[in-house]
Amino acid sequence: MTEKLTPARVRFAPSPTGFLHLGGLRTALFDWLYARHTGGQFILRIEDTDQKRYNPDSVEFLMRGLRWLGLDWDEGPDIGGPYAPYVQSERKPIYRQYAEQLVASGHAYKCYTPVEEWEEASPEEAEAEPVAGSRKPYDRRDRFVPAEQQAALEAQGRPYAIRFAAPLDGTTTVDDLLRGEITWKNNTLVDAVLLKTDGMPTYHLAMVVDDYLMKITHVLRGEEWLPSSPIHKLLFDAFGWPMPQMVHLPVILNPNGKGKMSKRKQVVDGKEYLALVHEFIEAGYLPEAVFNFLTNVGWNFDAEREVFTKEEAIARFELRDITPKPAALPYAKLEWLNGVYIRNLSPNELHLRLTPVLSKQLGIDEETLRHSEQLSELAPLIQERIKLLTEAAQFVDWAFVPAEAIQPEPKLLIDKKLNVEQTLAVLTAGIEVLMQTETFNVKTLEVAFRTQAEKMGIKVGPFLTSFRVAITGKTISPPLFESMVVLGRDETILRLRNAMKILQAYALQTV
RNA sequence: GCCACGUUCGUCUAGCGGUCAGGACAUCGCCCUCUCAAGGCGAAGAUCGCGGGUUCAAAUCCCGCACGUGGUACCA
């Protein structure tokens, strides 16, 4: 473990087109883990070269998501760094310079043919069976135009794109850390556009130039980039630059295991599966749990251990241990893990985390909740009952409303083993007990109620049902006596009396 | 179509030539119990995609096939 590591420079380079997706967050997480593991740098770079898909709010979403998970960056658009700027649109002139350099060296050429022109199907092609998902590849018509014609076009000052002149024969080999060496025949490669007509670079050029300029040592990116990596390799070669170590991460599949995880919520078998980071936040997931969860898909901490801290993960994280196998996210495990992390919180901390969530759900301002005595008593009681922060409301809402708001169905008040008369008798006896106990605490209440139940010959379970429902309005609640204490003697009795009224009305009605 | 990658319990995974193929979640029992949880104990669950090799020995190495996935854009 004390082996000397070369600090890595790793970047997360999302394109700002919308919300941050869990797949993107996973890539960032692995980037970050490796940077931290080696004591290197984690760099945030914004790849906004597609002006059509650009979404101005997106960068903020991205950064918020990363911060939420605890992934801090050492260089980035907001904090700068030695290789600023970290937003590609702000680096526009750099790319043209490098593209022109490749034209000069014969590795690239100017393309005057607009897309629509060569994509147009010839009559024979129009008749042929269309192949699903395929486009007509560019035919390189601009690559071999005679010099005079080239000069003429140039003289006209027509707009052009710059395309890479891929070698027509031979092979190109890329070394992927997870898959080993992968070789492509060069005649299967296309002449990719490097600089678009609008002067913006495509990903291919921007990525190669920036990764070189920013001294990136390891590129972790989605598997969907694997097919274009020979182009990237060829570009690095053309510039005479070393290629960073490539690591193509397996894609994350949809919950049903079919297809790449979609960017919106999925409903499978009536269950909703979230996809966007802000949705997980809103749903009440803890960042620690999501961190632990995501770290364990595609990589694993230990054969026998699933729960671990950030620090432990950093210490063990190795790129070579990542599996190249695509996987669906095990959502059920995430829920379980979230429960584990909720139970590990101190009651105080839980109270704090619950505050904003409950504020929204119960319509009580945060300040009041933060200082709420009831909530601080309730927090430890619900800790082992909730898997998501958002589930707390259903366990505690009754404590924050007036007695009149509790209007349970009469049928709920009556335990299945009892009838109306018995229930009424139980409640009467309970009120009596409550009025007579000297100290209003859990211990005394429990003893007194148990004694009373025994006296009336009713088992404790059924005996307590009506109290639970009378106080909370529901059959499922935090422990009963603790709940009574939260409410206090007067409020508890008030609620029991209300319940008796409901029952009495019900009794008359059914007779 | 072409190119590439992948394939171990339902799911996430361990495994790197000799293991009763291990763990976790989910599922199902039982225990505990004031409801619901949590917790404890236990069960079930993978002939390691298929077919061939290599080897005394293969989930592990090699070849073929099947299936899945990704890519095939002046999107990333």
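Chain letters run A, B, ... following the sequence lines, proteins first, then strands; residues in each count from 1. This is a predicted model, so every value here is computed, not measured.
Among the atoms of the strands shown, only primed sugar atoms or phosphate atoms (P, OP1, OP2) are found under 4.0 Å from some heavy atom of A/Lys260. A/Pro478 comes within contact range of at least one nucleobase, with a heavy-atom separation under 4.0 Å. Counting any heavy atom pair closer than 4.0 Å across all strands shown, A/Ile182 reaches sugar-phosphate atoms only and no base atom. Using a 4.0 Å heavy-atom distance criterion, A/Gly222 is classed as making no nucleic acid contact. Across all strands, A/Thr17 comes closer than 4.0 Å to no nucleic acid atom at all (heavy-atom distances). Here A/Glu306 lies in heavy-atom contact (under 4.0 Å) with a base. In this structure, A/Pro326 reaches the sugar-phosphate backbone alone: every heavy-atom distance under 4.0 Å involves primed, P, OP1 or OP2 atoms, never a base. Note on A/Ala161: a base of the nucleic acid sits closer than 4.0 angstrom, heavy atoms only. No contact: A/Ser228 has no heavy atom under 4.0 Å from any strand. No contact: A/Gly339 has no heavy atom under 4.0 Å from any strand. Counting any heavy atom pair closer than 4.0 Å across all strands shown, A/Gln394 reaches no nucleic acid atom.
As a whole-Å value, the separation of A/Lys333 NZ from B/rA14 C1' is 11 Å. As rounded to whole Å, 14 Å separates atom P of B/rC75 from atom CD of A/Glu47. One interatomic measurement links the two molecules: CZ of A/Phe19 to P of B/rA76, which rounds to 21 Å at whole-angstrom precision. Straight-line distance from the NZ atom of A/Lys325 to the C1' atom of B/rC12: 8 Å, rounded to whole Å. Nucleotide B/rU72 holds its C1' atom 14 Å from the CG atom of A/Asn187, rounded to whole Å. Counting to the nearest Å, the P atom of B/rU35 and the NZ atom of A/Lys416 are 13 Å from each other. Residue A/Glu335 contributes atom CD, which lies 11 Å from atom C1' of B/rC25 at whole-angstrom precision. Taking atom CD of A/Glu304 as the reference point, atom C1' of B/rA24 lies 10 Å away to the nearest angstrom.
The same atom, P, is picked in B/rU7 and in B/rC48; the two are 15 Å apart, to the nearest Å. Distance noted for atom C1' between B/rA59 and B/rU54: 16 Å (whole Å). For the P atoms, the distance linking B/rG6 with B/rC62 amounts to 12 Å, nearest Å. One P atom belongs to B/rA21, the other to B/rU47, and the distance between them is 12 Å to the nearest Å. Across B/rG39 and B/rA24, the matching P atoms stand 13 Å from one another, rounded to whole Å. Here, B/rU8 and B/rA4 have their P atoms 22 Å apart, quoted to the whole Å. With both ends at atom C1', the span from B/rG49 to B/rC67 equals 7 Å, rounded to whole Å. B/rG23 and B/rG15 have their P atoms separated by 15 Å, given to the nearest Å.
Pair assignment for B/rC61: B/rG53, on the basis of Watson-Crick or G-U wobble contacts that are both within less than 3.5 Å. Within the shown strands, B/rC28 is the pairing partner of B/rG42 under the Watson-Crick or G-U definition, both distances less than 3.5 Å. Across all strands shown, B/rA21 forms no Watson-Crick or G-U wobble pair with both distances under 3.5 Å. B/rC16 makes up no base pair with any nucleotide shown, lacking Watson-Crick or G-U wobble contacts both under 3.5 Å. Partner assigned to B/rG1 is B/rU72, using Watson-Crick or G-U wobble distances below 3.5 angstrom. Across all strands shown, B/rC48 forms no Watson-Crick or G-U wobble pair with both key distances under 3.5 Å.
Ring centroid separation for the pair A/Phe236 and A/Tyr212 does not come in under the 6.0 Å cut-off.
Side-chain atoms of A/Thr188 stay outside donor-acceptor range of the base of B/rC2, with no qualifying N/O pair under 3.5 Å. In this model, no side-chain donor or acceptor of A/Glu384 finds a partner on the base of B/rG39 within 3.5 Å. At a cut-off of 3.5 angstrom, the base of B/rC5 holds no donor-acceptor pair with the side chain of A/Arg179. No hydrogens or angles were tested; on distance alone, nothing pairs the side chain of A/Arg305 with the base of B/rU13 as donor and acceptor under 3.5 Å.
Relative to the side chain of A/Trp336, the nucleotides B/rA26, B/rA14, B/rC75 differ in distance, and B/rA26 lies closest. In this structure, the nucleotide among B/rU33, B/rC75, B/rU35 sitting nearest to the side chain of A/Arg450 is B/rU33. The side chain of A/Ala332 approaches B/rA26 more closely than any other nucleotide in the set B/rA76, B/rA26, B/rC74. With distances taken from any side-chain atom of A/Arg53 to the nucleotides B/rA14, B/rU35, B/rA76, the minimum falls on B/rA76. For A/Glu224, whose side chain is taken as the heavy atoms from C-beta onward, the closest listed nucleotide among B/rC34, B/rG71, B/rA4 is B/rG71. Nearest to the side-chain atoms of A/Val193 among the listed nucleotides B/rA4, B/rC74, B/rA76 stands B/rC74. Distances from the side chain of A/Trp184 to the nucleotides B/rG22, B/rC3, B/rU11 place B/rC3 closest. Listed candidates were B/rA76, B/rU13, B/rC36. Nearest to the side chain of A/Arg385 is B/rC36. Listed nucleotides B/rU69, B/rU11, B/rC5 differ in distance to A/Val251; the shortest reach to its side chain belongs to B/rU69. If you check B/rC5, B/rC36, B/rA76 against the side chain of A/Glu223, the one that comes closest is B/rC5.
Checked for salt-bridge contact, A/Glu47 and A/Arg45 meet the test: a charged N lies under 4.0 Å from a carboxylate O. One finds no salt bridge joining A/Arg11 and A/Asp31 here, because no Lys/Arg side-chain nitrogen approaches an Asp/Glu carboxylate oxygen to under 4.0 Å. Ion pairing between a basic and an acidic side chain is recognised when a charged N comes within 4.0 Å of a carboxylate O; A/Glu454 and A/Arg450 show no such pairing. With respect to the salt-bridge test (charged N to carboxylate O, under 4.0 angstrom), the residues A/Asp210 and A/Arg91 qualify.
The only option from A/Arg468, A/Arg385, A/Glu482 that meets the side chain to side chain donor-acceptor pair (under 3.5 Å) definition with A/Ser477 turns out to be A/Arg468.
Expressed to the nearest 0.5 Å, how far CZ of A/Phe30 lies from CZ of A/Phe317 amounts to 5.0 Å. Rounding to the nearest 0.5 Å places CD1 of A/Ile493 at 5.0 Å from CG of A/Leu434. The CG atom of A/Asp139 lies 10.0 Å from the CG atom of A/Asp191; values are rounded to the nearest 0.5 Å.
Nearest-nucleotide mapping onto RNA chain B: of A/Lys185 and A/Gln88, the residue sitting toward the 5' end is A/Lys185. Along RNA chain B, the nucleotide closest to A/Thr183 and the one closest to A/Lys196 are compared, and the more 5′ of them pairs with A/Thr183.
A/Asn338 places a side-chain N or O within donor-acceptor distance of the main-chain N or O of A/Gly284, the cut-off being under 3.5 Å.
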